[in-house]
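The block underneath contains the structure these notes are about, expressed in structure tokens.
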Amino acid sequence: MSLLTVKNLSVGYDSHVILKDLSFKVEAGDYLCIIGENGSGKTTLMRTLLGLIPSLSGSISLDEELTGGGIGYLPQKSSIQKDFPASVTEIVLSGFLGGMGRAFFYTKEQKTLALENLERMGIKELKDRSFSELSGGQQQRVMLARALCATKALLLMDEPVAGLDPDAQNSMYSVIQKLNKEGCAIIMISHDVDAAMRYADHILRTGPVPFFGTKEEYLKNE
Amino acid sequence: MSKLFEYLQFPFVQHALIVGVLVALCSSLLGVTLVLKRFSFIGDGLSHVAFGAMALAAVLDQLLTEALKTEIPGLSGNSMLLVLPITMISAVLLLRTGNNTKIKGDAAIAMISVASLAFGYLIMNIFSTSSNLSGDVCSTLFGSTSILTLTGLEVWLCIALSVAVVLIFVLFYNRIFAVTFDEDFAIASGIKASRYNTMIAIVIAVIIVLAMNLVGSLLISALVIFPALSSMRLFKSFKQVTICSAVLSVCCSLGGIVISLLAGTPVGSTIVAVQAAAFLLCTIAGRLK
Ligand SMILES: Nc1ncnc2c1ncn2[C@@H]1O[C@H](COP(=O)(O)OP(=O)(O)O)[C@@H](O)[C@H]1O
Ligand SMILES: [Mg+2]
């Protein structure tokens with residue numbers, strides 16, 4: 001079964017439809033880029049997929065191992081308050097909570113795993129630092145490490161490189177590519193079409209002329 | 001100093017210190033969550049609701065006593081039994097309206113809190129036979145001496161509620177952090193955020209009712225928010241800030257109560273004045289660091 005199957009989905013706010021009649025599938029290990037103009041509804045679609053806002057019609061079905069959570073999510077950057085007092089370790093560990101059932105406290109294994117995820121992101125030395133004092137690129141890596149604690153199978157990212165300088169953008173892209181190579185499916189919103197073509201294998205375009213298919217089909221269409 | 005030890009012999013002073021420490025501890029725990037989430041409005045609104053409920057309880061108590069021509073032991077003078085459920089229910093309702101995008105949440109909360117204030121004062125005015133009405137109102141708003149007149153039952157109720165608040169906070173500490181820090185991620189990763197928001201709102205209601213005894217309803221926000229703001233000047237991790245808030249809050253409360261005993265000042269406003277001074281010191285220390 002596919003990780004994520006979307007059929008005839010309409011998304012929007014209240015009764016105001018922003019995108020309608022979307023159908024697409026994400027299989028294990030896919031790398032899907034959602035591209036489209038600013039304001040075309042990419043964020044709205046992702047928030048609907050995550051269950052943060054209700055869908056207007058159609059269906060979203062998740063693979064069994066993902067239902068009721070277990071999705072890693074990297075929100076659009078502005079969503080976190082600037083001077084929130086939180087250490088990197090505290091934030092990364094909180095990724096585990098969704099899958100902890102009735103347990104109240106983190107286990108030793110989880111603490112080790114959190115450190116490993118920081119290491120995978122190349123920021124192990126930041127573990128005791130305060131989140132608000134980090135650079136934009138470092139903050140995004142912390143968010144990604146937290147998302148990795150929540151999932152092994154599916155990561156949703158909303159413009160993960162927005163606001164980063166070119167070097168930080170490239171290294172963020174290569175970290176994401178590495179995760180994908182290790183078997184994690186990626187759904188990423190990007191308005192950088194070049195990067196989408198370089199890294200993704202599937203493309204979903206929102207806007208007046210919607211499109212869903214493989215990158216090769218997309219390039220042939222253009 | 002000897003005057004202080006003399007005071008400490010009195011049971012009502014011991015009660016005041018016990019309740020003061022417990023209330024200070026509880027009210028500091030959720031401070032960060034209240035400051036950083038929209039919940040600070042709820043806290044403020046609820047303290048006004050609690051004032052209305054307190055006035056209602058006082059009037060009902062008085063009418064009942066007159067009707068029965070006798071005081072009911074355990075019930076008379078024990079407004080918490082009525083104030084607590086009313087405040088808890090209001091907490092849940094305020095949270096619901098706050099989450100409703102159609103009604104502007106802040107406006108709804110402002111409406112309810114001003115209405116409760118007006119209603120509370122109105123019924124106190126109509127029904128009270130007390131010769132010192134403005135004194136009664138003042139002590140409900142500013143908590144002047146109520147902490148020194150606690151009954152045994154009130155002290156036990158306060159201890160039980162405080163233990164419950166601390167226990168819930170410790171058990172759900174990680175989830176409270178997650179929901180406060182990033183609610184969207186929490187939901188996506190499978191945390192039932194709305195359940196924890198409701199829990200936080202109810203705990204806030206309990207804290208506010210507890211704190212009314214200590215500082216009165218107008219000064220509650222200060223008790224909840226000052227320790228969190230002060231420790232956020234000094235520390236940068238959630239755990240450090242939480243622990244520092246708790247310690248700071250307990251110290252300021254004890255200091256405030258002792259000063260008010262020795263100087264004869266009102267308990268609530270003395271505690272808040274000490275809190276404000278601590279905030280100033282923390283701000284300076286934070287700058288120097
Ligand atoms: N909370 C909201 N309520 C109503 N409309 C919204 C809300 N958030 C965004 N919109 C509208 O939905 C449209 C799509 O926004 P969004 O999904 O953020 O676009 P994108 O992420 O593609 O830039 C925009 O026209 C925006 O004005
Ligand atoms: Mg967007």
Side-chain angles (χ1 to χ4, degrees), chain A residues 13-14 43 46-47 49-53 62 66-76 79-91 93-106 110 127-134 142-143 146-151 154-156 158, chain B residues 28 31-40 99-103 167-196 199 227-245 282-283 286 289:
Chain A
Y13 294 94
D14 297 324
T43 298
M46 186 167 279
R47 292 174 60 81
L49 295 178
L50 289 166
L52 298 175
I53 49 180
L62 285 166
L66 296 175
T67 42
I71 301 178
Y73 172 45
L74 204 66
Q76 216 163 357
S79 70
I80 282 153
Q81 306 208 36
K82 264 187 80 191
D83 49 358
F84 197 106
S87 75
V88 168
T89 308
E90 284 176 325
I91 293 170
L93 274 171
S94 73
F96 286 115
L97 284 167
M100 276 166 57
R102 289 185 196 288
F104 290 115
F105 303 107
Y106 304 122
Q110 285 171 328
K127 69 183 169 63
D128 295 320
R129 290 279 295 279
S130 158
F131 183 73
S132 55
E133 293 167 359
L134 302 181
V142 173
M143 292 289 132
R146 175 183 67 165
L148 289 177
C149 292
T151 188
L154 179 61
L155 277 174
L156 271 67
D158 196 342
Chain B
S28 65
V32 182
T33 304
L34 242 84
V35 169
L36 292 168
K37 257 181 160 325
R38 238 185 355 206
F39 285 170
S40 55
N99 284 341
N100 188 334
T101 46
K102 276 191 188 139
I103 308 171
L167 205 64
I168 288 176
F169 182 81
V170 169
L171 287 181
F172 291 99
Y173 168 82
N174 289 321
R175 285 171 174 85
I176 290 172
F177 168 77
V179 172
T180 311
F181 180 69
D182 187 349
E183 190 168 327
D184 287 349
F185 177 86
I187 296 171
S189 73
I191 296 176
K192 304 264 179 297
S194 62
R195 197 184 290 174
Y196 294 108
M199 186 188 83
L229 286 179
S230 303
S231 4
M232 278 163 65
R233 306 280 137 164
L234 295 179
F235 293 103
K236 298 285 178 233
S237 90
F238 196 71
K239 197 177 191 175
Q240 288 167 342
V241 168
T242 304
I243 293 172
C244 175
S245 302
C282 289
T283 308
K289 217 159 91 169

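Values below: every heavy atom of this structure, side chains too, minus hydrogens, waters and symmetry copies. Since we're looking at a predicted model, the values are computed, not measured.
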Turns out that what part of B/Val32 lies under 4.5 Å from chain A's heavy atoms comes down to side chain

What's the spacing between B/Asp182 CG and A/Met143 CE if we round to 0.5 Å? 6.5 Å

Quick one: list whatever passes side chain to side chain contact (heavy atoms under 4.5 Å, CB included) with B/Ser245, sequence neighbours left out. B/Ser28, B/Pro227, B/Ala228, B/Ser231, B/Val241

Quick one: of A/Leu93, A/Leu97, A/Leu50, who has the most non-hydrogen atom pairs under 4.5 Å with chain B? A/Leu97

Are any of the side-chain heavy atoms of B/Ser237 and A/Glu90 separated by less than 4.5 Å? yes

How long is the span from the CD atom in B/Gln240 to the OG atom in A/Ser87, to the nearest 0.5 Å? 7.5 Å

Any chance you could lay out the side-chain contact (heavy atoms from CB on, under 4.5 Å) test for A/Phe84 and B/Thr180, step after step, and finish with the verdict? CA-CA 9 Å; A/Phe84 197 106; B/Thr180 311; 3.8 Å; yes

For A/Arg47, enumerate each residue passing the salt bridge (Lys or Arg N to Asp or Glu O under 4.0 Å) test, keeping only those at least two apart in sequence or located in another chain. B/Asp184

With side chains defined as the heavy atoms from C-beta onward, is the minimum distance between B/Lys236 and A/Phe131 less than 4.5 Å? no

Who wins among B/Phe238, B/Phe172, B/Phe185, B/Phe177 for the most heavy-atom pairs under 4.5 Å with chain A? B/Phe185

With respect to chain B, which residue among A/Gly72, A/Ala103, A/Gly51 yields the maximal number of heavy-atom pairs within a distance under 4.5 Å? A/Ala103

Check whether any side-chain heavy atom of A/Phe105 sits under 4.5 Å from a side-chain heavy atom of B/Asn174, and report yes or no. yes

